[in-house]
Trainee: 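Take this structure, written in structure tokens, and hold onto it; I'll ask about it next.
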Protein chains: 2
Amino acid sequence: MKQELILTQTGLKKTKPRLSVLKILKSANKPLTAEEIYLECQKYEKAINLSTVYRTLDIFLEKGIVIKPFIKNDTTSCFTLNHHEHKHYLICSKCKKMVEIDFCPFNGFEKKIESETKYTITNHKLEMFGICPNCKK
Amino acid sequence: MKQELILTQTGLKKTKPRLSVLKILKSANKPLTAEEIYLECQKYEKAINLSTVYRTLDIFLEKGIVIKPFIKNDTTSCFTLNHHEHKHYLICSKCKKMVEIDFCPFNGFEKKIESETKYTITNHKLEMFGICPNCKK
DNA sequence: ATGCAAATGCAAATTATTTGCATTTAATTA
DNA sequence: TAATTAAATGCAAATAATTTGCATTTGCAT
């Protein structure tokens, strides 16, 4: 979707910082931290403030424009555009390199767990850890 | 296992702070944060320092005495004794009540993902979210 | 009992994130 | 198009969770 539309359709003002964040997330091929977005932004255009990056990501999260697919090193949040696909990640414990897993092992189990627990399941997170081919050498 | 043995068997000195942390984790019926352990500790015996709690949890984690059961989406880590069972959690988004799920939907998929990615999978975390029967009313 | 490495307490540092407030800006309206 | 105004931003300072440096204490092997 056109970046301007993403903003107008969610009732957000079209500002330079927001367009920058959208552009950076769009061209990134992996989830980014607030800090990474902030640094990337400085390269091209007038720097935007780090708190603005955080505030922008907060409101994007609330509007569903971005998601937090996982937490890096247990301390830092990562963000990607919400492509409305269901993805999981497999992360190398040594070098942190990650691969996306396209199929979801969880499909088909939802019903079983719902009938066992009487909960209504709305979503889930699955994170896998291991050693990548390169680190095995 | 006896708490003293947990320490001696892993080559850790048997100290008051470590025994306290073990005792508190053992009697807790849910995962605790460092702060919660610290506060709980003050109730009974001579208070132990919060950094000692953190250092204790770090070394316990390294030795496999405790685990961090949740995929973190907030900012605080939780810890439980490692009972060497494989568990997942289903958490109510409203009241935060959680149930343990004993069977693991992931079994059987490990091989498939390993052959696809060439990673060696060492562990995984699965967290499900939903609405519990009580909150549905 | 003695010696020494390991563990602790305390205060200060760090990291990631959030907040208060004055200023600026985008979008609405006259 | 200019005026208005609520929303967004920048900056500095605050906060929350965790970590670190260092002097002191403690557990355990001798």
Side-chain angles (χ1 to χ4, degrees), chain A residues 2-24 31-42 44-63 65-79 96, chain B residues 2-24 31-42 45-63 65-79:
Chain A
K2 198 89 185 311
Q3 285 153 18
E4 301 202 3
L5 285 178
I6 293 175
L7 295 178
T8 48
Q9 286 183 1
T10 47
L12 296 175
K13 280 191 186 175
K14 192 188 70 175
T15 66
K16 254 172 280 172
R18 286 173 182 170
L19 289 169
S20 297
V21 171
L22 282 178
K23 181 179 143 195
I24 288 165
L32 300 176
T33 65
E35 184 92 28
E36 285 166 342
I37 294 169
Y38 167 73
L39 292 173
E40 189 62 21
C41 198
Q42 295 190 321
Y44 307 105
E45 33 229 317
K46 189 164 148 287
I48 60 179
N49 197 273
L50 183 56
S51 19
T52 302
V53 176
Y54 276 108
R55 276 191 279 230
T56 300
L57 290 170
D58 274 356
I59 203 163
F60 281 4
L61 197 60
E62 191 183 293
K63 298 289 184 181
I65 298 171
V66 299
I67 53 168
K68 286 188 187 182
F70 58 84
I71 305 243
K72 199 177 140 189
N73 337 309
D74 256 22
T75 44
T76 319
S77 293
C78 287
F79 299 83
K96 310 300 173 195
Chain B
K2 198 91 185 309
Q3 286 153 20
E4 301 201 5
L5 285 178
I6 293 175
L7 294 178
T8 48
Q9 287 184 2
T10 46
L12 295 175
K13 281 190 184 172
K14 193 188 68 173
T15 66
K16 251 172 283 172
R18 286 173 182 170
L19 289 168
S20 297
V21 172
L22 282 178
K23 182 179 143 198
I24 288 165
L32 299 177
T33 65
E35 183 93 28
E36 284 167 343
I37 293 169
Y38 167 73
L39 292 172
E40 190 62 21
C41 198
Q42 295 190 321
E45 33 230 317
K46 188 164 150 287
I48 60 180
N49 196 275
L50 183 56
S51 16
T52 301
V53 176
Y54 276 108
R55 277 191 278 231
T56 300
L57 291 170
D58 275 355
I59 204 163
F60 281 4
L61 198 59
E62 192 184 292
K63 299 288 185 183
I65 299 170
V66 300
I67 51 168
K68 289 186 185 183
F70 303 133
I71 298 177
K72 248 183 38 176
N73 39 209
D74 57 348
T75 41
T76 321
S77 293
C78 287
F79 299 83

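Each chain gets a letter, A, B and so on, in the order its sequence line appears, and its residues count up from 1. As a basis for the values below, the full set of heavy atoms in this structure was taken, side chains included, without hydrogen atoms, waters or symmetry mates.
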Trainee: Between atom CG in A/L57 and atom P in D/dA8, what is the gap in whole Å?
Mentor: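 After rounding, the reported distance stands at 14 Å.
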
Trainee: Between C/dA7, C/dT8, D/dT18, which nucleotide has the shortest distance from any of its atoms to the side chain of B/T56?
Mentor: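 Nearest nucleotide to the side chain: C/dT8.
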
Trainee: Can you tell which of D/dA6, C/dT8, D/dT18 lies closest to the side chain of B/T15?
Mentor: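 The answer is C/dT8.
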
Trainee: Measure from CG on A/L19 to P on C/dT25 and round the result to the nearest Å.
Mentor: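 About 15 Å, once rounded to whole Å.
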
Trainee: Taking B/Q9 for its side chain and B/I6 for its backbone only, find out whether a donor-acceptor pair lies under 3.5 Å.
Mentor: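 Side chain of B/Q9 to backbone of B/I6, a donor-acceptor pair under 3.5 Å: no, none is there.
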
Trainee: Without swapping roles, check the side chain of B/T52 against the backbone of B/I48 for a donor-acceptor pair under 3.5 Å.
Mentor: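 The answer is no, because no donor-acceptor pair under 3.5 Å joins these two groups.
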
Trainee: Which nucleotide wins on minimum distance to the side chain of B/K13, given the candidates D/dT20, C/dA7, C/dA16?
Mentor: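 Selected nucleotide: C/dA7.
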
Trainee: Just the rounded figure in Å: distance from C1' of D/dA7 to CG of A/D58.
Mentor: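 Value for this atom pair: 16 Å.
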
Trainee: If you only use heavy atoms from C-beta on, which nucleotide in C/dG20, D/dT18, C/dG9 is closest to the side chain of B/T52?
Mentor: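 Nearest listed nucleotide: C/dG9.
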
Trainee: Given atom CG of A/L50 and atom P of D/dA8, what is their separation to the nearest angstrom?
Mentor: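 These atoms are roughly 18 Å apart.
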
Trainee: Mapping B/R55 and B/T8 onto DNA chain D by nearest heavy atom, which one lands closer to the 5' end?
Mentor: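 This one resolves to B/R55.
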
Trainee: Just to confirm, is there a sub-4.0 Å distance from OP1 or OP2 of D/dC11 to any side-chain nitrogen or oxygen of A/N49?
Mentor: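 Yes.
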
Trainee: Distance check: side-chain N/O of B/S51 vs OP1/OP2 of D/dT20, anything under 4.0 Å?
Mentor: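 No.
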
Trainee: Return the value, rounded to whole Å, for the distance between atom CG of B/L12 and atom P of D/dA29.
Mentor: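 About 13 Å, once rounded to whole Å.
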
Trainee: Write down the distance between NZ (B/K16) and C1' (D/dG27), rounded to a whole number of angstrom.
Mentor: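 For the pair B/K16 NZ and D/dG27 C1', the rounded distance is 11 Å.
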
Trainee: CG of A/L22 to CG of A/L5: how many Å apart, nearest 0.5 Å?
Mentor: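 Atom-to-atom, A/L22:CG and A/L5:CG are 11.0 Å apart.
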
Trainee: Where the side chain of A/R18 meets the backbone of A/K13, is there a donor-acceptor pair that is under 3.5 Å apart?
Mentor: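 Looks like yes, one N/O pair under 3.5 Å.
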
Trainee: Just to confirm, is there a sub-4.0 Å distance from OP1 or OP2 of D/dT19 to any side-chain nitrogen or oxygen of B/Y54?
Mentor: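 Result: no.
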
Trainee: Is there a donor and acceptor pair, one atom on the side chain of B/R18 and one on the base of D/dG27, closer than 3.5 Å?
Mentor: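 Such a pair does not exist between side chain and base.
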
Trainee: What is the distance, rounded to the nearest whole Å, between atom OH of A/Y38 and atom P of C/dT15?
Mentor: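 After rounding, the gap between these two atoms is 15 Å.
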
Trainee: D/dA29 pairs with which nucleotide, Watson-Crick or G-U wobble, both distances below 3.5 Å?
Mentor: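 The answer is C/dT2, by the H-bond criterion.
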
Trainee: As a test of reading the structure: which of D/dT18, C/dT19, C/dG9 is closest to the side chain of B/I48, going by heavy atoms?
Mentor: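 Ranking D/dT18, C/dT19, C/dG9 by closest atom to the B/I48 side chain puts C/dG9 first.
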
Trainee: Under 4.5 Å between any side-chain heavy atoms of A/L7 and A/T15, yes or no?
Mentor: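 The answer is no, as the side chains (C-beta and beyond) never meet within the 4.5 Å cut-off.
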
Trainee: Rounding to an integer number of Å, can you tell me how far A/K63 NZ sits from D/dA7 P?
Mentor: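 Rounded to whole Å, this separation is 11 Å.
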
